[in-house]
There are 2 protein chains.
Amino acid sequence: MEPLLVDRLLRITDLFQRDMARAFAGTGLTTARVHLLWVLQHAGPSTQQNLARLCEVTPRNITGLVDGLEASGHVRRSPHPSDRRAVLVELTPEATQMMGRMQHEHTQLDETLRGAIAPEDRAAVDRGLSALVTRLETLVADAEADAGASRDAP
Amino acid sequence: MEPLLVDRLLRITDLFQRDMARAFAGTGLTTARVHLLWVLQHAGPSTQQNLARLCEVTPRNITGLVDGLEASGHVRRSPHPSDRRAVLVELTPEATQMMGRMQHEHTQLDETLRGAIAPEDRAAVDRGLSALVTRLETLVADAEADAGASRDAP
DNA sequence: TATTGTTATACTCTATAACTATA
DNA sequence: TATAGTTATAGAGTATAACAATA
């Protein structure tokens, strides 16, 4: 019997998580912290408020993650040049280098996975996944709008 | 520019997690607890040791999850008929009914997502995802074997 | 008055290690 | 001696609420 499409996707989700956990193991890093480093690599030096928005997590949570990453030498807090309430968080040189390697592994993984698909199926898979992302985004946005509406006016 | 295949898959991972979190919201359930209920629905009444193996978490963790699910009325502990050390965990009738609804939503989601893919691409997407799962399983198994080997003989 | 970050508090998931009761 | 489950302890991620400093 053919596994459901959803089951295949959930299986891929699970395997991705394991693969990432494997990649972090031994570095002392966790998924949440690597996510923050990833955001920081793409956004550049940012205030914690901004990181909270980008990570979709509370500012309080960012305080904790930055505390941990500062202790492990991956990020640095520096005063904001024009707003004395805020701090700027930025990657240390070592972390910048590490994120470069991680980016490289990322594109390598992409090549490996793309190579696993039969060449004549690749275009269809691209179109299919793109369509799935679009549909899922709609589903989630609608559900979250509903949740927001019922929370605002219960 | 075309997003990478990996990025699409990671995006799907993220959207799935949000969709599931949305589905549980208000029920007081969490991802880990629903996962346990799901396993229990498919395995039937099980010892905690067995659940620990199936969920790939420590037995201690199962104690905590079952405690929570018992308090919320989703599972019941009963004595094992032949081994007085063990307990059997089983779904309550209410939880059995709820899992039936969840199973139904699951197949509905599958239909929705499959419907989002152009009919002529569906077969290729099935083949492609199947190939991705196989390749990822190999990658993860190899990585975990390496980790195990270096842990056993460091 | 609004915003930035932090302290205080709490809950869940997760793990290891030691202990109890049974096999 | 080995196994099933629990108690004890610990750390990470997450959230809300109250508070300080600054805008």
Side-chain angles (χ1 to χ4, degrees), chain A residues 14 17-18 20-22 24-39 45-72 74-90 147-148 151, chain B residues 14 17-18 20-22 24-39 45-72 74-90 147-148 151:
Chain A
D14 179 54
Q17 277 163 193
R18 289 201 207 198
M20 289 191 276
R22 185 263 321 159
F24 310 156
T27 67
L29 289 169
T30 62
T31 307
R33 290 179 189 184
V34 171
H35 182 217
L36 182 47
L37 293 178
W38 195 263
V39 164
S46 310
T47 64
Q48 297 191 179
Q49 287 291 332
N50 194 31
L51 293 173
R53 279 185 286 268
L54 293 170
C55 294
E56 297 183 87
V57 97
T58 61
R60 176 61 184 90
N61 201 347
I62 296 293
T63 297
L65 294 171
V66 171
D67 285 351
L69 288 167
E70 202 173 32
S72 60
H74 291 94
V75 305
R76 208 162 61 88
R77 278 184 171 103
S78 52
H80 191 287
S82 64
D83 186 340
R84 288 196 299 171
R85 293 170 306 178
V87 300
L88 282 180
V89 182
E90 62 188 342
R151 177 163 23 77
Chain B
D14 180 54
Q17 278 164 189
R18 288 201 208 197
M20 289 190 279
R22 185 264 320 160
F24 310 156
T27 67
L29 290 168
T30 62
T31 306
R33 290 180 190 183
V34 171
H35 181 217
L36 182 48
L37 293 178
W38 195 263
V39 164
S46 310
T47 64
Q48 297 192 180
Q49 287 291 333
N50 195 33
L51 293 173
R53 280 184 285 269
L54 293 170
C55 294
E56 299 183 86
V57 296
T58 61
R60 175 61 184 91
N61 201 346
I62 297 293
T63 297
L65 294 172
V66 171
D67 284 350
L69 287 167
E70 202 173 31
S72 59
H74 291 94
V75 306
R76 207 163 62 87
R77 279 183 171 104
S78 52
H80 190 288
S82 64
D83 186 341
R84 285 196 302 171
R85 295 169 306 178
V87 301
L88 282 180
V89 183
E90 62 187 342
R151 176 162 27 75

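Predicted model, so just to flag it, every value in this text is computed and none were measured. Reminder, nothing fancy here: chain letters follow the sequence lines and each chain counts from 1.
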Output a table of nitrogen or oxygen pairs between the protein and nucleotides 18-23 of chain D separated by less than 3.5 Å.
{"residue": "D:dA23", "atom": "OP1", "partner": "A:Arg84", "partner atom": "N", "Å": "2.9"}

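Across all their heavy atoms, A:Arg33 and A:Gly28 have their closest contact at NH1-O, 4.4 Å. Pairing each heavy atom of B:Arg76 with each of B:Glu70, the nearest pair is C-OE2, 4.3 Å.
With values rounded to the nearest 0.5 angstrom, B:Leu65 atom CG is found 9.5 Å from B:Leu37 atom CG. To the nearest 0.5 Å, atoms CD (B:Gln49) and CZ (B:Arg85) are separated by 9.0 Å. Here NE2 of B:His35 is found 8.0 Å from CG of A:Asp14. Values are rounded to the nearest 0.5 Å. How far CZ of A:Arg22 is from CE of A:Met20: 10.5 Å, rounded to the nearest 0.5 Å. One distance of note links CG of A:Leu51 with CG of A:Leu88; it measures 9.5 Å at 0.5 Å rounding.
No side-chain heavy atom of B:Val87 sits less than 4.5 Å from a side-chain heavy atom of B:Thr47. With a 4.5 Å cut-off on side-chain heavy atoms, B:Phe24 and B:Thr31 count as touching.
By the side-chain contact (heavy atoms from CB on, under 4.5 Å) test, B:Val66 pairs with B:Leu36, B:Gln48, B:Ile62, B:Val75, B:Arg77, B:Val89, sequence neighbours left out. Residues passing the side chain to side chain donor-acceptor pair (under 3.5 Å) test with A:Ser72 are A:His74, sequence neighbours excluded.
Read 5' to 3', the first and last nucleotides of DNA chain C with an atom closer than 4.0 Å to a heavy atom of chain B are C:dT12 to C:dA23.
Residues of residues 31-39 of chain B that place a heavy atom closer than 4.0 Å to DNA chain C, in numerical order, are B:Ala32, B:Arg33. Only A:Arg60, A:Thr63, listed by number, bring a heavy atom of residues 55-69 of chain A to less than 4.0 angstrom from any atom of DNA chain C.
Remark: P of D:dT14 and CZ of B:Phe24 are 17 Å apart, rounded to the nearest angstrom.
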